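Everything below concerns the one structure shown next.
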Protein chains: 2
Amino acid sequence: MTGDDTFDIAPDWLDGETKVLEAPHDHRAELRLWLRLLTCSTLVESEVRRRLREEFDSTLPRFDLMAQLERAPDGMVLGEVSKRMMVSPGNITVLVERLTESGHLSRTTLPTDRRVQIIALTPFGRGEFEKMAARHADWISDLFAGLAPNDGGVLMDELAKLKRSIVASLAKGA
Amino acid sequence: MTGDDTFDIAPDWLDGETKVLEAPHDHRAELRLWLRLLTCSTLVESEVRRRLREEFDSTLPRFDLMAQLERAPDGMVLGEVSKRMMVSPGNITVLVERLTESGHLSRTTLPTDRRVQIIALTPFGRGEFEKMAARHADWISDLFAGLAPNDGGVLMDELAKLKRSIVASLAKGA
DNA sequence: GAAAGAAATTTCAAGCTTAAAATTGTTTTG
DNA sequence: CAAAACAATTTTAAGCTTGAAATTTCTTTC
């Protein structure tokens, strides 16, 4: 799934008119595209993880969790965090435990519904997050710096289309 | 890092001529692009993991490992697999153990250098992999089906540029 | 040819992740 | 109002992942 993104096959969007009748549809172009997307994503993600660890002794999941909370000054319900981060609820439990121990997060049980946990950044947690977020933005900026302004815009648009395609396909399959 | 891809800020490639003097460079457009890329990647990856588990009781790392071996009929050295998959050597050790137990892989010590382990798909492993690979290609094809042929081509090109940017940045930083 | 150095792998400790089962608490229904 | 249904979260078991330390096996150098 990761790797060097080569499936050494000619892309076939270039000759869309030929060989449409091939037995089952030839999926190689899509596969190639997917591998390339994954390669980019993996490279960036690894680098971000590495730097979070080296510069802040932290991890990407923790950073992500704090990023969600940063924009919710009044805190957020666990389930909501889980949905936004697209990870399992059990996962959030563990992350919140650690971040609460380390003083980054506060957690409260909602008085009117004692099933509900609300978590929020502490002032300390917010300060730490802001330091990390600033560096994080620099890292991403550096990694993307070789992209011409126009390419950035095109990529945004194309990825929006891809996202729509993915979401539509997932909805249909569900 | 994951999530709904919204940082609700106007992209600033659209007005590149204005506000160039802003104190530290404004990184929001790059961040937005990165989040969108990550969202696409996460959605596809989760779906692939889910289906590998449901249809084959397997995992993505195992699939990836077998995919590397499929194209090396004479097998491959562990270290080479590790590099190609961009994961740590220790990780490969564990995966190979399981896949060898289950009969998908064979492993041999190189007679001329007993440090070196060579792994290869067994005929059984190859058969299993081919079934998975066919389905995998279908899934990706479905997920990307909403993309016009032209968009696929553009995306390939833009991602190639992005990858060059990332690799260049990583090389410079190293 | 022994000792030092380098290379390929494995082991280890710690953390992330998930799905499924279990808990705890609230709401709806007969 | 008790029982059933539902909801939010935690626990559990299993697997993935990493960096660093340890092993084993060559290779090079004095």
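Because the structure is a prediction, the values reported are computed rather than measured. Chain A is the first sequence line, chain B the second, and so forth, proteins listed ahead of strands; every chain is numbered from 1.
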Rounded to whole Å, how long is the line connecting atom CZ of B:Arg98 with atom P of D:dA13? 16 Å

May I ask you to say what B:Arg49 touches in the nucleic acid, namely base, sugar-phosphate or nothing, with a heavy-atom cut-off under 4.0 Å? nothing

Rounded to whole Å, the CG-P distance (B:Leu99 to D:dG15) equals 12 Å

Could you tell me the separation between the CG atom of A:Asp57 and the C1' atom of D:dG19, rounded to a whole number of Å? 12 Å

If we only count heavy atoms from C-beta on, is the A:Leu105 to A:Thr122 side-chain gap below 4.5 Å? no

At under 4.0 Å, does any side-chain N or O of A:Arg53 touch on OP1 or OP2 of D:dG19? yes

Rounded to whole angstrom units, what separation is found between the CZ atom of A:Phe63 and the P atom of C:dC16? 15 Å

Which residues pass the side chain to side chain contact (heavy atoms under 4.5 Å, CB included) test with A:Ser165, not counting sequence neighbours? none

Rounding to a whole Å, what distance do you find between B:Glu47:CD and C:dA19:P? 11 Å

For residues A:Gln117 and A:Thr109, report the shortest heavy-atom separation together with the two atoms involved. NE2-OG1, 3.4 Å

Give me the atom names and distance for the closest heavy-atom approach of A:Glu30 to B:Ile140. O-CG2, 3.8 Å

Per-helix bend value, the helix from C:dG1-D:dC30 to C:dG30-D:dC1, C1' rotation axes over five pairs per end, 10° rounding, shows 10°

Could you pull out every donor-acceptor pair under 3.5 Å between side chains of residues 74-81 of chain A and any protein atom, sequence neighbours left out?
residue: A:Glu80; atom: OE2; partner: A:Arg84; partner atom: NE; Å: 2.8
residue: A:Glu80; atom: OE2; partner: A:Arg84; partner atom: NH2; Å: 3.2

For A:Ser82, report the nucleic acid contact type (base, sugar-phosphate, nothing); a contact means any heavy atom under 4.0 Å. nothing

Output the single nucleotide from D:dC26, D:dT17, C:dC16 whose closest atom is nearest the side chain of B:Pro61. D:dT17

Integer-rounded Å distance: D:dC16 P and B:Met86 CE: 18 Å

Can you say whether the rings of A:Trp34 and B:Phe144 are parallel (under 30°), tilted (30 to 60°) or perpendicular (over 60°)? perpendicular

Polar atom pairs between nucleotides 8-12 of chain C and protein, under 3.5 Å, N or O only, would you list them?
residue: C:dT9; atom: OP1; partner: B:Gln117; partner atom: N; Å: 2.9
residue: C:dT9; atom: OP1; partner: B:Gln117; partner atom: O; Å: 3.2
residue: C:dT9; atom: OP2; partner: B:Gly79; partner atom: N; Å: 2.6
residue: C:dT10; atom: OP1; partner: B:Arg107; partner atom: NH2; Å: 2.8
residue: C:dT10; atom: OP2; partner: B:Thr93; partner atom: OG1; Å: 2.8

Is the shortest side-chain N/O distance from B:Arg62 to OP1 or OP2 of D:dC16 below 4.0 Å? yes

Side-chain hydrophobic cluster, 4.5 Å single linkage: members besides B:Phe124: none

Can you measure A:Leu95 atom CG to C:dC16 atom C1' for me and round it to whole angstrom units? 7 Å

Might you point out which heavy atoms bring A:Arg126 and A:Glu70 nearest each other, and give the distance in Å? NH1-O, 3.4 Å

Round to a whole Å and report the spacing from CE of A:Met76 to C1' of D:dT9. 17 Å

Report all side-chain donor-acceptor pairs from residues 154-161 of chain B shorter than 3.5 Å, counting only partners two or more places apart or in another chain.
residue: B:Lys161; atom: NZ; partner: A:Asp151; partner atom: OD1; Å: 3.0

